[in-house]
Amino acid sequence: MVSEFVRDKRINHGFLLKEKEVCCYKALYHDDVIGYVVRCYECEHIQIGFGNLMLTINTNAFNSFRNLLKRIMHEHSAIEKETIRCIAVPTPCEGIKLLLSLRELKEFDNMLEEADTELQSSLLLKLFSDQ
């Protein structure tokens, strides 16, 4: 579905955020192997797909989550084996954590940073087009 969305740039994606409300998304990041980040045009929620994880959060939570990943990555930067899953990352859902390797954490961080760059670019373009 995401690949189709990325080609069209806007598609009725079919994710339900509220009862009987379907959102239309803009892709902020997409990689068939790593994952995707999309933002709803209507409710402005951001959906993150990474591995077998899918989070739907608001923009403030997205920024907090990005900052959290940066802090955790900095704290674990000295890990010798980058492929061992030994880093617990809290999620916005209480009691649920991601268990990632340093390599996966770096990929996740990079994905979110690229998505944020795209998001900021889109917001700047919107500012100029609204004038």
Side-chain angles (χ1 to χ4, degrees):
M1 254 189 200
V2 173
S3 295
E4 180 181 336
F5 169 76
V6 171
R7 280 195 308 273
D8 295 341
K9 294 292 181 199
R10 186 173 173 152
I11 188 170
N12 191 339
H13 216 291
F15 290 114
L16 296 175
L17 295 178
K18 297 178 185 166
E19 191 173 315
K20 297 183 182 180
E21 186 176 315
V22 180
C23 295
C24 298
Y25 288 91
K26 177 188 186 318
L28 301 174
Y29 179 91
H30 176 263
D31 182 289
D32 285 336
V33 176
I34 296 172
Y36 67 90
V37 180
V38 294
R39 183 170 184 255
C40 175
Y41 285 107
E42 302 299 321
C43 69
E44 299 183 354
H45 278 83
I46 295 172
Q47 189 170 90
I48 302 166
F50 181 77
N52 62 356
L53 164 77
M54 184 177 76
L55 291 173
T56 302
I57 55 180
N58 65 33
T59 304
N60 290 335
F62 175 73
N63 290 326
S64 296
F65 192 62
R66 280 187 324 102
N67 292 331
L68 174 67
L69 282 185
K70 285 260 182 258
R71 272 197 321 272
I72 292 171
M73 194 166 59
H74 179 71
E75 291 169 5
H76 293 86
S77 61
I79 292 176
E80 289 183 23
K81 289 212 171 212
E82 288 196 359
T83 57
I84 296 175
R85 288 189 173 138
C86 60
I87 303 169
V89 178
T91 67
C93 302
E94 187 177 334
I96 298 177
K97 294 183 180 182
L98 307 177
L99 189 59
L100 302 174
S101 68
L102 183 57
R103 180 182 51 80
E104 291 169 328
L105 184 59
K106 287 177 181 179
E107 288 175 346
F108 200 10
D109 176 65
N110 182 61
M111 180 179 85
L112 296 185
E113 287 304 310
E114 287 190 34
D116 184 59
T117 299
E118 181 66 26
L119 177 61
Q120 297 307 317
S121 298
S122 296
L123 293 175
L124 280 173
L125 287 173
K126 187 175 185 239
L127 277 176
F128 288 113
S129 65
D130 287 345
Q131 293 180 0

Q: Tell me whether Leu123 is reachable from Leu28 by hopping between hydrophobic residues (I, L, V, M, F, W, Y) whose side-chain heavy atoms are closer than 4.5 Å.
A: yes
Q: Could you check if a side-chain atom of Ile48 sits within less than 4.5 angstrom of a side-chain atom of Tyr29, using non-hydrogen atoms only?
A: no
Q | Reported CE-to-CG distance for the pair Met73 and Asn110, which is rounded to 0.5 angstrom | A | 9.0 Å
Q) If we only count heavy atoms from C-beta on, is the Ile87 to Ile79 side-chain gap below 4.5 Å? A) yes
Q.
Looking at Lys26 and Glu118, is there a salt bridge between them, counting it only when a charged N and a carboxylate O are closer than 4.0 Å?
A. yes
Q | Leu69 side chain near Val89 side chain, heavy-atom distance below 4.5 Å | A | yes
Q.
With rounding to the nearest 0.5 angstrom, report the CD to CG distance, Glu44 to Asn60.
A. 10.5 Å
Q: May I ask you to test the Phe62-Leu55 pair for a side-chain heavy-atom distance under 4.5 Å?
A: no
Q. So, does Thr56 use its side chain to make a donor-acceptor pair with the main chain of Gln47 at under 3.5 Å?
A. no
Q | For the student: nearest non-hydrogen atoms of Phe50 and Leu100, plus distance | A | CE2-CD2, 4.0 Å
Q.
Quick check for you: to the nearest 0.5 Å, what is the distance between Leu119 atom CG and Glu114 atom CD?
A. 13.5 Å
**Q.** Donor-acceptor contact present, side-chain Asn67 to main-chain Asn63, <3.5 Å
**A.** yes
Q) Going hydrophobic residue to hydrophobic residue with side-chain gaps under 4.5 angstrom, can you get from Leu68 over to Leu105? A) yes
Q.
Less than 6.0 angstrom separating the ring centers of Tyr25 and Tyr36, yes or no?
A. no
Q. Would you say Ile96 and Met54 are hydrophobically clustered, going by side-chain heavy atoms of ILVMFWY under 4.5 Å?
A. no
Q.
Measuring from atom CZ of Arg71 to atom NE2 of His74, what distance do you get when rounded to the nearest 0.5 angstrom?
A. 11.5 Å
Q.
Is there a side-chain contact between Thr91 and Lys97 in this structure, where contact means two heavy atoms from C-beta onward sitting under 4.5 Å apart?
A. no
Q: Check whether any side-chain heavy atom of Phe108 lies under 4.5 Å from a side-chain heavy atom of Leu98, and answer yes or no.
A: yes
(Q) Quick check: closest heavy atoms across Arg39 and Ile46, and the distance to 0.1 Å? (A) CG-CG1, 4.1 Å
**Q.** Expected output: side-chain His76 to main-chain Ile72 donor-acceptor under 3.5 Å
**A.** yes
(Q) One thing to verify: whether Glu107 and Arg103 come together as a salt bridge, which I'm taking to mean a side-chain N less than 4.0 angstrom from a carboxylate O. (A) yes
Q: Looking only at non-hydrogen atoms, find the nearest pair between Ser77 and Leu102 and report the distance.
A: O-CD2, 4.2 Å
Q.
I'd like to know if the side chain of Ser101 and the backbone of Glu82 have a donor-acceptor N/O pair within less than 3.5 Å.
A. yes
Q) From His45 NE2 over to Asn58 CG, what is the distance, rounded to the nearest 0.5 angstrom? A) 5.5 Å
